[in-house]
There are 2 protein chains.
Amino acid sequence: MATLKDIAKHANVSTCTVSRYLNSNIVVKKETEVRIEEAIKKLGYVPNIIAKSLKQQETSNVAVILPKLNHLYYSEVTSGISQTLAEHHYNIFIYEVDNLHLDEEGIMNLMRENMVAGIVFIGLFPDTSFQEKIKEVFLGWKIPVVYTNRCIPYDGFPLLYPNLVKASKIGTEHLIKRKKEKIAFMHKPLPKDLLNQFLKGYREAINRDHEPLFIEISDDKNVNKEYVQKLIEHQINGVFVLDEKSAVYLTKTLAKSNIQVPYDIAVLSLGNSLISEISTPELTCVDLQNRVLGQKSAEIILNQILNKTFEDVTVLEPFIVEREST
Amino acid sequence: MATLKDIAKHANVSTCTVSRYLNSNIVVKKETEVRIEEAIKKLGYVPNIIAKSLKQQETSNVAVILPKLNHLYYSEVTSGISQTLAEHHYNIFIYEVDNLHLDEEGIMNLMRENMVAGIVFIGLFPDTSFQEKIKEVFLGWKIPVVYTNRCIPYDGFPLLYPNLVKASKIGTEHLIKRKKEKIAFMHKPLPKDLLNQFLKGYREAINRDHEPLFIEISDDKNVNKEYVQKLIEHQINGVFVLDEKSAVYLTKTLAKSNIQVPYDIAVLSLGNSLISEISTPELTCVDLQNRVLGQKSAEIILNQILNKTFEDVTVLEPFIVEREST
DNA sequence: TTGTAGGCGTTATCAC
DNA sequence: GTGATAACGCCTACAA
């Protein structure tokens with residue numbers, strides 16, 4: 001494989017002339033340029049980024065760390081990241097933590113070993129011990145970090161997440177607008193602080209004399225008649241479901257119970273992926289702007305790398321996508 | 001950041017002792033080991049893979065090149081790749097070609113620049129001009145390559161795909177077993193060679209006096225009543241749909257037309273993602289083993305890297321997953 | 001068992 | 001405008 005040296009020799013100039021020409025650091029004589037270009041073409045020269053990275057002590061690789069890729073949420077966010085990074089000629093490493101068999105320390109060492117230019121954590125590591133590790137990386141080793149989609153208080157490194165309080169609020173308001181005033185919340189097991197945010201938005205929207213009904217779906221189950229029974233008992237006519245898959249299974253179960261969606265009970269889900277779109281009936285939902293989330297995450301990483309300013313906390317505004325289920 | 005040199009100095013040994021100790025090339029005196037370990041811990045040493053890669057002229061980064069990540073098919077295959085590669089401590093680069101704004105030459109140069117250890121192409125580049133480029137990379141520059149999920153004749157580089165003829169055959173057979181003998185094929189626009197494979201499997205399964213009905217769905221449309229009308233005209237009672245999303249929209253449209261699935265018309269889709277699972281009714285489908293496809297793709301790359309033997313062509317066997325739509 | 005030194009392909013600091 | 005030379009951090013012959 002041809003190297004810079006080979007090009008230099010072939011073009012009768014020094015390596016540094018070639019290097020500077022390629023990086024547009026200097027203007028070279030037209031004649032020199034021609035000879036260099038010719039040599040590059042003839043020898044099929046391609047620069048070696050590894051050598052460059054070693055010399056410059058920085059790579060153009062950004063790591064994305066997430067639980068799993070084969071999920072519409074994560075792949076959408078990641079695709080957004082990938083899009084923005086590609087525009088700036090950065091490469092993207094994917095790490096699925098479940099596959100890594102590494103503890104937090106191991107993951108961080110992996111990042112350092114590979115000299116990644118930045119790290120995007122997506123919705124991960126609820127425990128605070130890891131936050132300390134991330135802070136260490138961010139503050140100590142000065143690796144740009146973004147924490148995407150964990151709604152935690154600001155703690156020294158940039159955060160980026162959707163406004164969950166508002167998501168919950170506009171979702172609830174939408175149901176109320178559809179004359180569904182007895183509204184239940186359905187959700188898979190969830191950290192308490194998250195749940196509190198949803199509760200807050202819900203409270204802001206709801207009539208104060210309406211007793212909220214929170215229904216937690218076991219992690220090992222889908223929504224079934226048992227859950228629908230609860231809805232009936234409480235004379236619920238609107239349900240806000242915190243994940244799309246559960247929302248789908250809810251509508252399925254309602255249909256089997258001869259309960260009409262949205263006439264008897266309206267269903268609104270959080271998250272607007274293909275799932276909501278293809279469900280029967282198609283689900284009205286709160287769009288959390290997943291792709292934008294990814295794009296902005298990448299932007300914040302890039303701004304850090306390029307020493308530009310960036311927001312400590314970026315909050316995305318959710319919006320309603322109306323379909324058939326409300 | 002501490003380097004090997006620092007460790008060596010701190011432990012009062014030479015860099016090469018440390019290096020060889022770390023790479024388990026030699027056994028060192030217990031005492032030396034202790035001193036080295038102590039230095040590593042004290043200085044927080046992490047090896048620099050970039051420098052290592054430069055020296056060894058090889059990286060442990062494998063590139064996955066695909067059209068888009070935010071799709072259940074691609075993300076599932078990629079997750080499989082990621083899983084197997086992670087087990088062998090390889091990193092994975094993701095390149096979404098739509099975002100790259102690079103022609104084939106540009107993509108290949110990117111691979112060389114980054115000195116990737118291998119490349120997995122997933123379902124891409126139907127035109128043969130690019131096949132030539134890939135062959136050049138594979139044979140000329142000796143970068144391990146796998147071509148995943150393009151059912152083309154063997155042409156010098158390893159191929160890996162599901163048995164589409166069989167997929168089509170067992171799908172058709174399943175419909176026949178359910179007493180649905182007037183079977184239509186529905187599909188989005190498709191390269192002719194692919195279509196021929198499906199046709200072949202179909203022919204092997206079907207009664208010879210049954211005239212096949214192929215329905216192509218416009219790229220800009222979902223299945224609608226117009227298509228259902230065709231089914232009725234031809235007295236179809238079973239449909240084999242070549243993509244899950246279309247299958248879902250077909251069942252939706254059938255429901256709206258008061259046609260019962262599976263009683264009046266059975267529907268069977270190709271591909272077993274979450275989409276088939278959550279559709280109403282849940283779709284019987286042909287599982288193409290997407291995750292396994294990814295895993296095996298990674299294995300073939302690894303075998304090439306490690307100079308082990310590997311199959312030129314690997315064909316995966318599809319199987320039926322029975323749900324409610326047949 | 002351990003040390004010395006050269007080089008992987010680049011860029012950067014000088015000097016000319 | 002251009003060139004020589006020294007790094008970047010690691011591995012590895014070869015030497016001791």
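Note that the coordinates shown come from a computational prediction; the quantities given were computed from them, not determined experimentally. We name chains A, B, ... by the order of the sequence lines, and we start the count at 1 in each one.
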Relative orientation of the end axes in the helix from C:dT1-D:dA16 to C:dC16-D:dG1, expressed as an angle to the nearest 10° (five pairs per end): 40°
Plane angle bin for B:Phe138 and B:Phe157 - parallel if under 30°, tilted between 30 and 60°, otherwise perpendicular: perpendicular
Partner residues of B:Asp155 under the salt bridge (charged side-chain N to carboxylate O under 4.0 Å, His left out) criterion, sequence neighbours left out: B:Lys135
Counterpart residues, salt bridge (charged side-chain N to carboxylate O under 4.0 Å, His left out), relative to A:Glu105 (two or more places apart): A:Lys133
Partner set under side-chain hydrogen bond (donor to acceptor under 3.5 Å, both in side chains) for A:Gln83, not counting sequence neighbours: A:Arg291, A:Gln295
Sugar-phosphate, base or nothing in reach of A:Ser53, heavy atoms under 4.0 Å: nothing
Separation of C:dT11 C1' from A:Tyr21 OH (nearest whole Å): 18 Å
Other residues, nucleotides, ligands: >12 heavy atoms within 6.0 Å of A:Glu87 CD: yes
side-chain hydrogen bond (donor to acceptor under 3.5 Å, both in side chains) contacts in which one or both residues fall within residues 55-64 of chain A, not counting sequence neighbours: A:Asn61-A:Asn91
Nucleotides 7-16 of chain D: protein proximity per nucleotide (B base, S sugar-phosphate only, - neither; heavy atom, under 4.0 Å): BBBBBB----
Inter-residue atom distance A:Ile36.CD1 - A:Ser19.OG, 0.5 Å rounding: 10.0 Å
Sugar-phosphate, base or nothing in reach of A:Asn12, heavy atoms under 4.0 Å: sugar-phosphate
Electrostatic pair A:Glu31-A:Arg35, nearest N-O below 4.0 angstrom: yes
Rounded distance in Å - CD1 (A:Ile36) to C1' (D:dG1): 11 Å
